[in-house]
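Here is the structure we will look at, set down as structure tokens.
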Amino acid sequence: MKSLLLSVNDTLYRCCIWIAGLSILSMALIIPWGIFARYVLGTGSSWPEPVAILLMVVFTFIGAAASYRAGAHMAVTMITDRLPPLQRRLGSVLVQVLMVLVCVFMTWYGTQLCITTWNQSLASLPGVRVGMTYAPIPLGGLLTLVFVLERLLLGDQSERKVMRFDQLEEREGTA
């Protein structure tokens, strides 16, 4: 059962990385197009800026979930590193419980926000519903919640092969 859960979470992690990466790539292509259209062609497009902002929201919330699982999120451990092992472990559990609360908050209120604004359209992109633009918030909260629960139940998984490809490349380069 543990290996199945880890395998599913590895797949979720890969999906998060791909979605975040494709969001950044798309932004890197859309923003120069908007600049080119405005200053070279003289016909400013109205869609590049709002699409780039929406992609940044996707990158932020989905990428944060992946970052959390990989242990690459910002953490200030100056005080906890100096605690005795028992207090350090209790502090770690407290942090995870607080993370569960944050994730539940994001998922619940993010879903409420999506539902409330679903029938509104963006002025700059009339075909896109406002509720759809907020969807990365509850989705990111849910994905992060899955990874937090994984850490609570199975421990830190940040050293798994799926997240440490950079260390594998370094080893292969020295061989």
>> Using side-chain contact (heavy atoms from CB on, under 4.5 Å), reason through Leu125 and Leu54 one step at a time and then give a plain yes or no.
In response: CA-CA 11 Å; Leu125 297 169; Leu54 295 176; 4.1 Å; yes
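- The cluster map of Ile, Leu, Val, Met, Phe, Trp and Tyr, joined by side-chain heavy atoms under 4.5 Å apart, puts Leu98 and Ile79 in different clusters.
- By the rule that hydrophobic residues join a cluster once side-chain heavy atoms approach within less than 4.5 Å of another member, Leu143 and Leu55 end up as members of separate clusters.
- The cluster map of Ile, Leu, Val, Met, Phe, Trp and Tyr, joined by side-chain heavy atoms under 4.5 Å apart, puts Val128 and Leu113 in the same cluster.
- Taking every heavy atom of both residues into account, Cys16 and Ala66 meet most closely at CB-CB, 3.8 Å.
- Grouping the Ile, Leu, Val, Met, Phe, Trp and Tyr side chains by contacts below 4.5 angstrom, directly or via other members, places Val51 with Phe36.
- Sorted by first and then second residue, the side-chain hydrogen bond (donor to acceptor under 3.5 Å, both in side chains) pairs involving residues 39-48 (not counting sequence neighbours) form an empty list.
- Leu139 and Val146 fall within a single hydrophobic cluster, where Ile, Leu, Val, Met, Phe, Trp and Tyr are joined by side-chain heavy atoms under 4.5 Å apart, directly or via other members.
- Interatomic distance, Arg160 CZ to Leu6 CG, rounded to the nearest 0.5 Å: 4.5 Å.
- The heavy-atom pair separating Met27 from Ala52 by the smallest distance is SD-O, 3.5 Å.
- Every pair tested for side-chain hydrogen bond (donor to acceptor under 3.5 Å, both in side chains) that includes a residue from residues 48-62 fails, sequence neighbours excluded, so the list is empty.
- Cluster partners of Trp18, using a side-chain heavy-atom cutoff of under 4.5 Å among ILVMFWY residues and allowing indirect links, are Leu22, Leu25, Leu29.
- With a 4.5 Å cut-off on side-chain heavy atoms, Ile19 and Val58 count as touching.
- Residues Val130 and Trp118 fail the side-chain proximity criterion, which asks for heavy atoms closer than 4.5 Å.
- Once rounded to the nearest 0.5 Å, the distance linking OG of Ser23 with CD1 of Ile62 reads 8.0 Å.
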>> Would Val100 and Leu152 count as a side-chain contact (heavy atoms from CB on, under 4.5 Å) here? Give the steps.
In response: CA-CA 10 Å; Val100 166; Leu152 272 171; 4.0 Å; yes
>> Set out, in order, the CA-CA distance, both residues' side-chain angles and the distance that settles side-chain contact (heavy atoms from CB on, under 4.5 Å) for Tyr13 and Gln157, then state yes or no.
In response: CA-CA 11 Å; Tyr13 173 79; Gln157 301 298 316; over 6 Å; no
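- Pro48 approaches Gly34 most closely through the heavy-atom pair CG-CA, 3.8 Å.
- Taken from CD1 in Ile137 to CG in Leu142, the straight-line distance is 14.0 Å, to the nearest 0.5 Å.
- Of all the heavy atoms in His73 and Ser67, the pair that sits closest is N-OG, 3.3 Å.
- Residue pairs that meet the side-chain hydrogen bond (donor to acceptor under 3.5 Å, both in side chains) test with at least one member in residues 138-154, sequence neighbours left out, are Asn9-Glu150, Arg69-Glu150, Arg151-Asp156.
- Of all the heavy atoms in Ala135 and Pro138, the pair that sits closest is O-CD, 3.1 Å.
- Within the structure, side-chain hydrogen bond (donor to acceptor under 3.5 Å, both in side chains) pairs that include any residue of residues 89-117 comprise Tyr68-Gln96 (at least two apart or interchain).
- In this structure, Leu90 CG and Arg88 CZ are separated by 11.5 Å, a value rounded to the nearest 0.5 Å.
- Applying the ring-ring contact (aromatic ring centres under 6.0 Å, His included) test to pairs two or more places apart or on separate chains, none has a residue in residues 122-164.
- Here Met56 contributes atom CE and Ile53 contributes atom CD1; the two are 9.5 Å apart, rounded to the nearest 0.5 Å.
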